[in-house]
Amino acid sequence: MKVGILDSTLREGEQTPGVVFTVDQRVEIAKTMSEVGVSMIEAGHPAVSPDIYEGIKRIMRLRKDGEIRSEIVGHSRAVKRDVEVAAELEVDRIAIFYGVSEIHLKAKHHATREEALSTISEVISYAKSHGVNVRFTAEDATRTDFDYLVQVARTARDAGADRIGIADTVGILYPSKTRELFSNLVAQVPNVEFDIHAHNDVGLAVANSLAAVEGGATIIHATVNGLGERVGITPLQQVAAAVKYHFGIDVIKLDRLQQVSTLVEKYSGIPMPPNYPVTGDYAFMHKAGIHVAGILNDPRTYEFMPPETFGRSRDYVIDKYTGKHALKDRFEKLGVNLSEQEIDQVLAKIKANQNTKFFRDVDLLEIAEEVTGRVLKPRPPE
Ligand code: AKG
């Protein structure tokens with residue numbers, strides 16, 4: 001099994017409502033994504049606006065100087081003018097997209113199936129004449145008649161595309177269908193590689209991306225924090241963790257995920273929910289007494305991914321769910337010695353305050369002083 005990541009934070013990610021990256025931010029994100037080790041960076045659609053054009057220009061300078069190692073992809077409609085704009089930036093690859101479902105053919109392109117095939121072929125050949133690699137993306141591929149999709153993919157390959165993107169544009173796929181779709185495409189359209197671009201409308205983007213890889217896709221499109229149109233596409237942190245633990249493949253440096261997530265959270269202005277997988281504040285935080293007692297004995301009781309893999313550490317919450325183990329551990333960490341009986345008394349007070357959401361260390365010390373009648377000095381933090 002072979003798989004890499006295309007990071008589309010700068011293209012699909014900027015299509016999130018309310019998100020606009022500056023040129024400097026675009027360059028910083030691209031540099032960081034290259035350091036993190038993604039195979040490809042979709043750096044934007046340069047015909048859309050001057051700042052995207054300028055961003056790609058600066059990214060390509062770093063690429064030429066060897067500071068960015070990931071392949072740089074420029075996005076393009078199946079329109080010659082778009083291809084020319086991307087080609088003049090000397091990107092490694094131009095990604096040309098065209099909606100191929102009946103809905104897209106009729107409502108957007110006003111084209112017959114045959115007309116669509118000839119546009120696809122002509123524009124790909126035109127891009128190839130600029131000496132650049134080409135990915136063709138079949139937009140809305142997952143609502144496209146399968147036999148026609150095969151025709152589209154063969155046409156794109158024969159015109160010179162070495163990768164075909166299968167876009168689940170409306171997020172309608174389901175994992176078993178995804179696997180079947182990709183294995184059938186791989187069987188019927190040889191000598192080309194496939195990408196999966198999965199939207200997350202019902203939360204299945206990660207599952208569909210994994211299923212696509214099982215079916216033979218070799219590149220997964222992802223964005224940091226799952227940004228993208230509507231509710232976004234496959235989140236990088238989730239899919240990278242899943243590929244690591246289910247397929248045993250390190251697609252990127254997992255211990256840099258927290259840093260990229262925080263960077264993109266800052267530049268996008270889209271806050272990271274605390275209960276978000278891998279990079280949310282609560283991803284490695286435990287609460288119930290039984291859980292905390294378990295992880296204090298052996299973290300594997302309630303974790304299958306060690307937080308250290310992601311450059312993080314585990315923690316637990318103190319509230320009415322807390323048990324004695326957690327409380328003893330917390331006071332030990334604070335360097336405060338309490339007898340068994342004192343711990344029981346502190347715990348009783350915590351449980352009596354049922355509406356307190358988090359007992360901080362200062363709150364615990366205050367309760368402990370009240371219970372013991374002693375002035376307690378915690379060990380200064382390291
Ligand atoms: C979509 O259909 O949602 C896309 O953004 C496809 C574009 C591409 O992957 O090239």
Side-chain angles (χ1 to χ4, degrees), residues 4-17 19 38-48 52 56 71-79 82-83 85-86 91-105 107-109 116 119-120 123-124 127 132-144 149 152-153 156-157 159 161-173 178 181-182 185 192-206 208-209 212-213 217-224 226-236 239:
I5 296 285
L6 172 143
D7 179 72
S8 188
T9 306
L10 294 176
R11 199 280 296 170
E12 177 78 53
E14 207 187 28
Q15 289 177 226
T16 310
V19 172
V38 299
S39 310
M40 301 182 187
I41 296 170
E42 201 163 65
H45 187 150
V48 164
I52 296 179
I56 300 179
E71 186 179 288
I72 301 299
V73 181
H75 220 229
S76 166
R77 288 172 301 172
V79 169
D82 277 23
V83 168
V85 175
V91 291
D92 298 295
R93 174 180 296 278
I94 300 182
I96 297 168
F97 65 97
Y98 191 96
V100 293
S101 64
E102 285 304 311
I103 302 170
H104 280 237
L105 290 180
K108 263 174 49 183
H109 300 302
T119 302
I120 290 165
V123 179
I124 293 174
V132 64
N133 288 327
V134 173
R135 178 185 90 222
F136 173 72
T137 288
E139 199 189 6
D140 207 20
T142 54
R143 288 190 298 176
T144 301
L149 186 59
V152 166
R157 176 201 59 192
D162 65 341
R163 305 203 65 87
I164 308 287
I166 297 300
D168 185 25
T169 303
V170 296
I172 201 175
L173 271 182
T178 312
L181 173 65
F182 276 83
L185 280 169
V192 72
E193 299 214 12
F194 287 92
D195 293 22
I196 170 74
H197 181 97
H199 275 267
N200 206 22
D201 294 72
V202 292
L204 286 176
V206 172
N208 287 329
S209 298
V213 171
T218 53
I219 286 283
I220 297 172
H221 294 198
T223 55
V224 178
L227 297 181
E229 286 280 346
R230 307 184 303 282
V231 297
I233 65 163
T234 308
L236 176 68
V239 82

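Both counts, for ligands and for their atoms, begin at 1 and track the order of listing. Atoms considered below: every heavy atom in the structure, side chains included; atoms not considered: hydrogens, waters and symmetry mates.
At a heavy-atom distance under 4.0 Å, no atom of E229 approaches ligand 1. Contacts of R11 with ligand 1, taken as heavy-atom pairs under 4.0 Å, involve the side chain alone.
For R93 and D162, the salt-bridge test passes: some basic side-chain N is under 4.0 Å from an acidic carboxylate O. Ion pair R143/E102 not flagged as a salt bridge, since none of the NZ, NE, NH1 or NH2 atoms sits closer than 4.0 Å to an Asp/Glu carboxylate oxygen. Note on R135 versus E42: salt bridge recorded, some NZ/NE/NH1/NH2 to OD/OE distance being below 4.0 Å.
Using a non-hydrogen distance threshold of 4.0 Å, Q15 does not register as a contact of ligand 1.
Considering backbone and side-chain atoms together, D140 places no N or O closer than 3.5 Å to any N or O of ligand 1.
Protein heavy atom in closest approach to atom 3 (O) of ligand 1: H199 NE2, 2.8 Å. Atom 4 (C) of ligand 1 has its closest protein heavy atom at H197 NE2, 3.3 Å. The shortest contact between atom 6 (C) of ligand 1 and any protein heavy atom is with T137 CG2, 3.7 Å. Among all protein heavy atoms, the one lying closest to atom 2 (O) of ligand 1 is T169 OG1, 2.6 Å.
Taking all atoms of both residues into account, the shortest heavy-atom contact from E12 to E229 is OE2-N, 2.9 Å.
Applying the side chain to side chain contact (heavy atoms under 4.5 Å, CB included) test between D92 and each of V132, V73, I72 identifies I72 as the sole match.
Those atoms of ligand 1 that come under 4.0 Å of a heavy atom in H221, given as number and element, are 9 (O). Taking every heavy atom of A167 and a limit of under 4.0 angstrom, the matching atoms of ligand 1 come to 1 (C), 2 (O), 6 (C). For ligand 1, the atoms sitting less than 4.0 Å from at least one non-hydrogen atom of E12 are 5 (O), numbered in the order shown with element in parentheses. Distances below 4.0 Å separate heavy atoms of E139 from the following atoms of ligand 1: 2 (O). Annotation for ligand 1: atoms under 4.0 Å from non-hydrogen atoms of R135 are 8 (C), 9 (O), 10 (O).
A distance of 5.5 Å separates CD1 in I124 from CD1 in I96, rounded to the nearest 0.5 Å.
Under the 30°/60° scheme for interplanar angles, the aromatic rings of F194 and F182 are found to stand perpendicular.
By the 4.5 Å heavy-atom criterion applied to side chains, V213 and I220 are counted as neighbours. Side-chain contact check for V123 versus V83: some heavy-atom pair is nearer than 4.5 Å.
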